[in-house]
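Below is one structure, written out as structure tokens, with a few remarks after it.
All chains are named by letter (A, B, ...) in the order of the sequence lines, taking the proteins before the strands, and each is independently numbered beginning at 1.
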There are 2 protein chains.
Amino acid sequence: MSTDIPDIVIGRLPIYLRALNQLARQGQEITSSRELGQLLGISSAQIRKDLSHFGGFGKQGTGYHVEILRKKLEQILNVDTEWSIVVVGAGHIGHALAHYGGFVNRGFRVVAVFDNDLDKIGKKIDGFKIQPMEDIDDFIDKHHIKLAMVAVPAEYAQDVANKLIEHGVRGILNYAPITINVPDGIYVQYIDPVAELQHMTFYLSS
Amino acid sequence: MSTDIPDIVIGRLPIYLRALNQLARQGQEITSSRELGQLLGISSAQIRKDLSHFGGFGKQGTGYHVEILRKKLEQILNVDTEWSIVVVGAGHIGHALAHYGGFVNRGFRVVAVFDNDLDKIGKKIDGFKIQPMEDIDDFIDKHHIKLAMVAVPAEYAQDVANKLIEHGVRGILNYAPITINVPDGIYVQYIDPVAELQHMTFYLSS
DNA sequence: TAGATTGTTAATCGATTAACAATC
DNA sequence: TAGATTGTTAATCGATTAACAATC
């Protein structure tokens, strides 16, 4: 299934979905591109343009039905079913990911945690028994895992990624502060709080 | 100090700095826009163009001296000195942030952790005693804190942000999966692993 | 010198915005 | 109907890339 929709548009869809979830939680049934835009600090024109890549989900004069648009975005982003994710690295970040309540109802579920530290293996995190790295290949194969979150020291991140990809993982959320190289067709996103902070401190004269 | 440098350029500087730190750690003394580009999956022209906004840091025919460019980027991003940060929310994410080793030598230091849960207040995280939320105003005032990481439930994030800003915080790294609204001159960045995962699942047919 | 790479200009490419006809 | 808001087109704006003179 090919796409000529700009990646920058795709990157905004989860933000729209997040806002719609919020409105739904508050019981709001109808919204508009203007309201969403104000909520998110984005122009209404951009929101309409972005959505128009996928069809017309609104009604002239009225706006968007929150629940309909929400469901539609979930389908577009392939999160109308739940993806199983493995966590690699059982340090503090790995622990936080294993416990994170924010995956529920947003399309993801952590199904296993791996580490190579003998002191950690076998211990439990929130119901998961930490498994040894040597078992990860079989696990990924057996459960057809496509997504992983990597929270290992920077020097191991590339090796871990290689191994994951070799066994069929297609998307990696990388918490190690290092850029990893992957073949075409494999997707990587980065979580680097320091990079985000540095982005802000540029604007702050110290 | 005003700027007409595009924000998208500023956002890439921390990535360049991260790559340079990596090269420095490996003992490499010289690099080039071509090498950095390959490392990061960015065109060499873009790297040269981005850097040229701030001056000429390279030598024709040779490239860039890693350590010089590294220092220069640290200055540009205002991380040649260390910023004190407070963590709000002592859940699993707050714990991970308090323990995170990745701040060292990258311009930041966690100096305090706050929570409003009576069961948590007074307990220790990695040497920090968790402090009650009611003390955060005085703390920020007294220590001139400019940066905060917010890891509280979504429904409290806006209120927490308001309070922080009122007391002089200028930059917020928000871990709550919700967009918060702030006045001009206040900077917010988001860490939302689910949004990043959803960005990737768009490209993965399930 | 010959080879390599920068910094910069101009050209291209792509994204955002403005505006409005369509229509609920 | 009158008012409001979508979806879309065209115009504007901005970012990326290509190319090359300068020069180490």
Footprint string (nucleotides 15-24 of chain C, 5' to 3'): B base within contact, S backbone only, - free, heavy atoms under 4.0 Å:
SBBBB--BBB
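The backbone N or O of A/Ile180 lies less than 3.5 Å from a partner atom in the side chain of A/Tyr190, making a donor-acceptor pair. Under a 3.5 Å cut-off, the side chain of B/His65 and the backbone N or O of B/Gly58 do not form any donor-acceptor pair. A/Asn78 places a side-chain N or O within donor-acceptor distance of the main-chain N or O of B/Leu204, the cut-off being under 3.5 Å.
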Full working for salt bridge (Lys or Arg N to Asp or Glu O under 4.0 Å) between B/Glu166 and B/Lys163:
CA-CA 5 Å; B/Glu166 204 178 299; B/Lys163 187 198 264 266; over 6 Å; no
Would A/Gln158 and A/Asn162 count as a side-chain hydrogen bond (donor to acceptor under 3.5 Å, both in side chains) here? Give the steps.
CA-CA 6 Å; A/Gln158 182 69 60; A/Asn162 293 348; 2.9 Å; yes
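The CD1-P distance, from B/Ile68 to C/dT6, rounds to 14 Å in whole Å. At whole-Å resolution of the value, NZ in A/Lys72 and C1' in D/dG7 are 16 Å apart. Taking atom CG on A/Leu69 and atom P on D/dG7, their separation rounds to 9 Å, with Å as the unit. In this entry the distance linking CZ of A/Phe57 with C1' of D/dT8 reads 15 Å, nearest Å. Here the P atom of nucleotide D/dG7 and the CG atom of A/Leu36 are 12 Å apart, to the nearest Å. Whole-Å rounding puts the B/Ile47 CD1 to C/dT5 C1' distance at 13 Å. Distance CD (B/Gln38) to P (C/dT5): 11 Å, rounded to an integer number of Å. Separating the NE2 atom of A/His53 from the C1' atom of D/dT9 is a distance of 13 Å, rounded to the nearest angstrom.
Partner assigned to D/dA4 is C/dT23, using Watson-Crick or G-U wobble distances below 3.5 angstrom. When both pairing distances are held under 3.5 Å, D/dA10 makes a Watson-Crick or G-U pair with C/dT17.
Using modelled atom types, one finds a donor on one side chain and an acceptor on the other under 3.5 Å when comparing A/Asp7 with B/His199.
Under 4.0 Å is where a charged nitrogen must lie from a carboxylate oxygen, and between A/Lys71 and A/Asp80 no such pair does.
Between A/Ser33 and D/dT5, a side-chain N or O to OP1/OP2 separation shorter than 4.0 Å is absent. For the pair A/Tyr64 and D/dA4, the criterion of a side-chain N or O lying under 4.0 Å from OP1 or OP2 is not met.
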